[in-house]
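What follows is a short report on a single structure.
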Amino acid sequence: MRVKHLLGHQSLKYKNALRATGEVIMPFKRPRPPPVPHATNSSSTSTLLSTNHEHKRLRRGCLHGIKAYILSAKIDGAEYEILIGEAEENGAELCKTPAEADIIVTAIGMKKRLERHIDWNMAKGKAVVRPDWIRDSVKKSEALPCGDYAAISDLLDSSIENCPESSSSQSQPPDQAEASTSQHQSTKESTLPDLVYEPRYKSRFACERYSPLICPNQDLVKELHIIKLAREMESEERSALSYSRAISAIKAFPEKIKSMSQISDIPYLGDKLTGMIQEFLSKSTISQARQLSSDTRYQTLISFTSVYGIGPHTARHLYDLGLRTFDDLSRYLGSDDNAEGSGGSFAWREGLRLRDELSVKIPRAEVEEMGRLVDNALQDILPGSESTICGGYRRGKLESNDVDIVFTHPQGQGNKANNMIARLVERMRKDGLITHTMHAPSVRSKGSLRPPTNHDGWDTLDKSLTIFNLPKTSPYYKGIHRRLDLIYAPREVYWTAVVGWTGSTMFERDLRLWAKQKGLKFDSSGITRRRDTKALYATSERDVFKLLELEWIEPRLRNADL
DNA sequence: CACCGCTTACC
DNA sequence: GGTAAG
DNA sequence: GGTG
Ligand SMILES: Cc1cn([C@H]2C[C@H](O)[C@@H](COP(=O)(O)OP(=O)(O)OP(=O)(O)O)O2)c(=O)[nH]c1=O
Ligand SMILES: [Mg+2]
């Protein structure tokens, strides 16, 4: 069962869950400028972009509404970051592929060179301008005529013809729908466009229900969540699962529950849960949840398990030893830990330092920035590779606890890409972007701290759990380390991997349960028939659903947890 | 009364 | 096999 | 703790 929640105190690394691959342990020359990648097409799919267009539409900049693609080739890394920042700050919508853009910004001045990155016929259908178009437009606070900035003389006429106009003087978007619902707390409602859909909540499977990020009964769900966590802390997994399912089912229910008669069609609400809901209707709280919230054991176990590598079992053990605070924990690990010969003094001291940073949530814009940097590194290693940011970001969360990126190799050549993960991580480590990788063998003596690349014979490694750090030149740089999960999937199973890593957790569990019931087996590395174990390959995300005989559910309606 | 997701990594 | 993680 |  999963346990990690969020919590922002001080902390501590347990034994050897972390391996530093950069700073601290090995003195790599620190942050070099960001990669100077040559991204062309590549990169995230448009499904990603469907949810990301416009989050920060506070004031509209002079480039508002313009879809721009900035070609990083021939642009210095730092310069590239600045351009991206300027474009985004001024309202431009940055595209991951040139195909989606209205305007392409490039420092390349020769037709032949540009053709290596962008299809010529596509370029002729758009404006193609030099980077100073952005700078000058920002300076003048208006999107300037593209004709004056055409990157290539052959594209002058088409750039004039296809020059996009900013919509910065238009009226405001539909930003209502928040005053109407009497929602108290939650200072951050979704800024993403509202979803319109016909509710679906009666199925036993989360993968057949529409589960929005925030539901009308969010407060009820939060109370139940506390009880669920408590069950997890005590390793009462079946009980925890029941609460998870109830939470999941309620999340898909489209109305605020005002009377018990409404809930009869919601699955997974038996006697116990029904009673709790009844209590919640009259008191707006659930006594058991209130009680747990102020319970020392509960609080302590929650905080201990917030340390990477410490689960419920270890947390209870530490609690039984009498430890109650991170300071206690720190002291204990600092001494007793040595008895086991894993003197990770600085390693977990480092983990302690990082834990505070890792508890800080990541805004969408920064997630996207990280996605760009990963993709840039990816293009450098194997041009034509593709990547998709999955996880909570893809489901529309405004802030994420980490970033999950699934990527695959280019279409043509297949298994040239065996140690993709290792190569990508190594590349990003050298760039100063990845500072640590999780799943360290051990931190013991200095010898075992080897870079993530030399352990030979690990071609099968398909994912890497890392700690990432933006370059100082990035406009989003806050000096805060971030958790980054990189997942490699061979082309044939790319879309199942994307579905598998988009979540949410309950959605994934029910997807597998559903598949089993259909005589299939689903996991992020593919769909197989249980009979003959024959693999079924999906050619798109929707195809994954089709193969499983499921109706399509868009990522933003897969929020079956919380 | 049986079942409840499924895989990988470390110890 | 147990624990933790996704 | 709920369900087929
Ligand atoms: C934690 C967890 C994740 N997953 C899958 C589904 C998740 O969407 C995906 C990524 O996991 P997470 O990154 O842990 O969660 P998240 O991306 O949904 O939300 P956030 O990062 O903001 O906390 O991995 C599981 O299958 N089981 C689990 O226990
Ligand atoms: Mg995530």
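All values reported here derive from a predicted model rather than from experimental measurement. Residue numbers begin at 1 in each chain, while the letters A, B, ... track the order of the sequences. Note: hydrogens, waters and symmetry copies are ignored here, and every other heavy atom, side chains too, is used.
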Students often get this wrong, so: under 4.0 angstrom with heavy atoms, is [X] touching a base, only sugar-phosphate, or nothing?
| X | value |
| --- | --- |
| A/Asp404 | sugar-phosphate |
| A/Arg483 | sugar-phosphate |
| A/Leu511 | nothing |

[options]: which one has an atom nearest the side-chain heavy atoms of [X]?
| X | options | value |
| --- | --- | --- |
| A/Tyr268 | D/dG2, C/dG6, B/dC4 | D/dG2 |
| A/Thr505 | D/dG1, B/dG5, D/dT3 | B/dG5 |
| A/His313 | D/dG1, C/dA4, B/dC6 | C/dA4 |
| A/Tyr308 | D/dG1, C/dA5, B/dG5 | C/dA5 |

OP1 or OP2 of [N] sitting under 4.0 Å from any side-chain N/O of [X]?
| X | N | answer |
| --- | --- | --- |
| A/Thr314 | C/dA4 | yes |
| A/Arg509 | B/dG5 | yes |
| A/Lys516 | B/dC6 | yes |
| A/Arg530 | B/dC6 | yes |
| A/Tyr243 | D/dG1 | yes |
| A/Arg231 | D/dG1 | yes |

Take the protein atom [atom1] of [X] and the nucleotide atom [atom2] of [N], then report the distance between them rounded to whole Å.
| X | N | atom1 | atom2 | answer |
| --- | --- | --- | --- | --- |
| A/Arg204 | B/dC3 | CZ | P | 15 Å |
| A/Asp523 | B/dT8 | CG | P | 8 Å |
| A/Leu513 | B/dA2 | CG | P | 18 Å |
| A/Arg245 | D/dG2 | CZ | P | 11 Å |
| A/Ile527 | B/dC6 | CD1 | P | 13 Å |
| A/Lys228 | D/dG1 | NZ | P | 15 Å |
| A/Trp501 | B/dT8 | CH2 | P | 11 Å |
| A/Glu508 | B/dG5 | CD | C1' | 9 Å |

**OP:** Take atom P in D/dT3 and the same atom in B/dG5, then report the distance between them in whole Å.
**Re:**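 Taking atom P in both D/dT3 and B/dG5, they lie 15 Å apart.
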**OP:** For the pair A/Arg483 and A/Asp485, evaluate salt bridge (charged side-chain N to carboxylate O under 4.0 Å, His left out) and give the outcome as yes or no after the intermediate values.
**Re:** CA-CA 7 Å; A/Arg483 280 277 291 107; A/Asp485 292 347; 2.9 Å; yes
Subject >> Within residues 496-517 of chain A or reaching into it, pairs that qualify as ring-ring contact (aromatic ring centres under 6.0 Å, His included) - sequence neighbours excluded >> reply: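 Pairs touching residues 496-517 of chain A that pass the test: A/Phe205-A/Trp514.
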Original post:
ring-ring contact (aromatic ring centres under 6.0 Å, His included): which pairs involve residues 238-263 of chain A, sequence neighbours left out?
Top reply: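 Pairs touching residues 238-263 of chain A that pass the test: A/Tyr201-A/Phe253.
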**OP:** Nearest 0.5 Å please: distance from the OG1 atom of A/Thr466 over to the CG atom of A/Leu484.
**Re:**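 Going from OG1 on A/Thr466 over to CG on A/Leu484, the span is 4.0 Å.
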**OP:** Can you see which heavy atom on A/Ser474 is nearest to which on A/Glu369, and at what distance?
**Re:**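 Answer, listing the atom of A/Ser474 first, then A/Glu369: OG-OE2, 2.7 Å.
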Original post:
Is a side-chain N or O of A/Arg558 found less than 3.5 angstrom from the main chain of A/Thr505, in a donor-acceptor match?
Top reply: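 Checking the backbone N and O of A/Thr505 against the side chain of A/Arg558, no donor-acceptor pair under 3.5 Å is found.
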